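Heads up: the structure comes next, in structure tokens.
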Amino acid sequence: MHPSLAAIPAEVWDACACPEAADSGPPDDPFTTHRFLSALERSGSVGTGSGWDPRYLTAEIGDEVIGVAPLYVKSHSQGEYIFDHNWAHAYERAGGRYYPKLQIAVPFTPATGRRLLARPGFEAEAEAALLQGAVQLASENGLSSLHITFCTEEEARRGAERGLLSRVTQQFHWLNQGYGSFDDFLASLSSRKRKNIRKERAQAQGFGGTIHRLSGDDLKPEHWDAFWTFYQDTGARKWGTPYLTRAFFDAAQETLRDDMVLVLAERDGRYVAGALNFAGRDVLYGRYWGCTEHHPCLHFELCYYQAIDIAIERGLARVEAGAQGEHKLARGYLPTETHSLHWIADSGFSDAVANYLSAERRAIAEDIEVLTAYGPFRKANPEEQE
């Protein structure tokens, strides 16, 4: 267990987190890389006073690190997007102490990816050791619980086999069906939805300015000055205070600019809105949005339609548009299961949560089925297309 990522060399961490990037290509998951997690720590976005106290795990055989996990001690449930506030309230009403708890997660990032990160060839040993070690840490320190959020479906299945509680929630993702252009995507929609999206894009692009896409060396410090203003406004309205510090965006400029695509709307020489995306090897992750001027449909354009354009141009398999938002359905983003694992020390409370999760799982499955049926795509029966 390590209180700072500086104790683990980047090449050691990344050999477990993103071995596919050893060819100098992009990682599958940009959020579990050493550079991303280190930027959070170095900028003060996690650490003292944030409620996210790092305790990075390593699993070792001899002197060789075979697995790592981004573990944090949490003093609240903010910035997680797998909501357990009701669990905390119920546990504390019953006389228990829910916080602190342990969390294996990427802070402030509702994006699915591996959480028990193993070097190739050591997957079974590393995953078992990391999971057992995390549970042992929670138990021996008298903590209420351990949570592993936005893990893969395979990790959730194997964790459930080892006795953890498995939870299913949902997000909205856009899937690339081999589209060659945005018009190809539109052709897969019902005529009414297709017309509505064209209308929204025309409205948005008529805001009186220019939309820019910036990545890599095209990103400059002045772009982050503008985006910080947008991010502060959104953070103040949604969370009270922004999760990320201003210093995070300086760190991002230094080490993460090749992992990001920033979409900015410029009007009369000023940036008035922006959306920040992170790019993996096969996925575009929509993360943050903000504005200083309201223009009709500009949010949809910068966050959803530009992301689809980018994914098609780069040949990416999907766009993950972040947490919540049934309004994404009409714009081609379909409901998709997300997964998490939970260990709760108190057996009685664990049984109660297990019953809750069973009912929730059925409700989520029904919700996904209904929402998918109401999706914008053309139906097999032409009479159902309107």
Side-chain angles (χ1 to χ4, degrees), residues 2-8 10 13-14 17 27 29-56 70-82 99-111 113 149-150 214-216 218-264 271-279 285-292 302-303 322-323:
H2 309 270
S4 173
L5 204 57
I8 308 169
W13 181 278
D14 287 344
D29 180 356
F31 302 116
T32 52
T33 60
H34 192 280
R35 59 183 176 269
F36 182 86
L37 296 170
S38 179
L40 291 177
E41 186 183 329
R42 290 186 292 112
S43 67
S45 299
V46 301
T48 304
S50 70
W52 290 81
D53 195 7
R55 293 292 188 275
Y56 309 100
L71 176 70
Y72 299 85
V73 180
K74 291 297 305 296
S75 60
H76 54 60
S77 291
Q78 303 302 316
E80 296 171 10
Y81 302 98
I82 299 289
Y99 304 107
K101 62 178 184 175
L102 292 185
Q103 191 97 10
I104 294 178
V106 178
F108 328 122
T109 306
T149 45
F150 292 101
L214 304 163
S215 186
D218 291 334
L219 286 165
K220 306 297 181 186
E222 58 265 27
H223 299 134
W224 298 118
D225 289 337
F227 190 75
W228 172 246
T229 301
F230 308 147
Y231 175 70
Q232 278 186 300
D233 176 70
T234 300
R237 286 185 288 103
K238 285 192 172 184
W239 316 303
T241 56
Y243 291 138
L244 300 175
T245 65
R246 176 63 181 84
F248 172 82
F249 296 100
D250 293 331
Q253 172 66 20
E254 179 184 347
T255 62
L256 299 171
R257 59 184 182 272
D258 290 335
D259 298 320
M260 299 184 296
V261 183
L262 181 61
V263 183
L264 291 174
Y271 295 117
V272 299
L276 177 60
N277 306 274
F278 280 78
Y285 302 91
R287 288 306 301 116
Y288 300 108
W289 142 270
C291 64
T292 54
L302 297 193
C303 292

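No experiment lies behind these values; they were computed from the predicted model shown. Numbers here simply count residues along the sequence, with the first being 1.
Put simply, the side chain of Ser45 does not reach to within 4.5 Å of the side chain of Arg246, judged on heavy atoms. The side-chain heavy atoms of Val261 and Leu214, taken from C-beta on, include no pair separated by under 4.5 Å. By the 4.5 Å heavy-atom criterion applied to side chains, Leu102 and Lys74 are not counted as neighbours. Proximity of Leu40 to Phe248: side-chain heavy atoms (C-beta onward) are separated by under 4.5 Å at one or more points.
Between Arg257 and Asp218 there is no salt bridge, since no side-chain N of the basic residue sits under 4.0 Å from a carboxylate O of the acidic one. Salt-bridge check for Asp225 with Lys220: failed, with every basic side-chain N at 4.0 Å or more from each acidic carboxylate O. Of the charged side-chain nitrogens involved, none lies within less than 4.0 Å of a carboxylate oxygen, so that Glu254 and Arg35 do not count as a salt-bridged pair.
Between the Ser215 side chain and the Met260 main chain, a donor and an acceptor come within less than 3.5 Å of each other. Looking only at distances, no side-chain donor or acceptor of Trp289 sits under 3.5 Å from a matching main-chain atom of Phe230. Although no hydrogens or angles enter the test, the distance criterion places no donor-acceptor pair under 3.5 Å between the side chain of Gln103 and the main chain of Leu71. Thr109 contributes no side-chain N or O that, together with a main-chain N or O of Ala111, makes up a donor-acceptor pair within less than 3.5 Å. Listed for the Asp14 side chain is a donor-acceptor partner under 3.5 Å among the backbone atoms of His34. Proximity of a side-chain donor or acceptor of Thr255 to a complementary backbone N or O of Ala252 within less than 3.5 Å is not detected. Between the side chain of Ser43 and the main chain of Thr245, no donor-acceptor pair closer than 3.5 Å is present. A donor-acceptor pair under 3.5 Å is formed between the side chain of His76 and the backbone N or O of Gln78. No donor-acceptor pair closer than 3.5 Å links the side chain of Ser50 to the backbone N or O of Thr48.
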Evaluate the criterion side-chain contact (heavy atoms from CB on, under 4.5 Å) for residue pair Trp228 and Gln232; output intermediate values, then yes/no.
CA-CA 6 Å; Trp228 172 246; Gln232 278 186 300; 3.2 Å; yes
One pair to check against side-chain contact (heavy atoms from CB on, under 4.5 Å): Thr229 and Tyr271. What are the steps and the verdict?
CA-CA 10 Å; Thr229 301; Tyr271 295 117; over 6 Å; no
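Neither side chain, Glu80 nor Tyr72, offers a donor N or O lying under 3.5 Å from an acceptor on the other. A donor-acceptor contact under 3.5 angstrom links the side chains of Lys101 and Ser77, judged on distance only.
Ring geometry for Tyr243 against Phe108 counts as parallel: the plane angle stays under 30°, on a 0 to 90° scale with 60° as the upper cut. Below 30°, between 30° and 60°, or above 60°: for Tyr231 and Phe227 the angle between ring planes is below 30°, a parallel geometry.
Aromatic rings from Tyr285 and Phe31 are positioned such that their centres are separated by under 6.0 Å. Ring centroid separation for the pair Phe36 and Phe278 comes in under the 6.0 Å cut-off.
The heavy-atom pair separating Ala105 from Trp52 by the smallest distance is CB-CZ3, 4.4 Å.
Note that OG1 of Thr149 and CD1 of Ile104 are 9.0 Å apart. Values are rounded to the nearest 0.5 Å.
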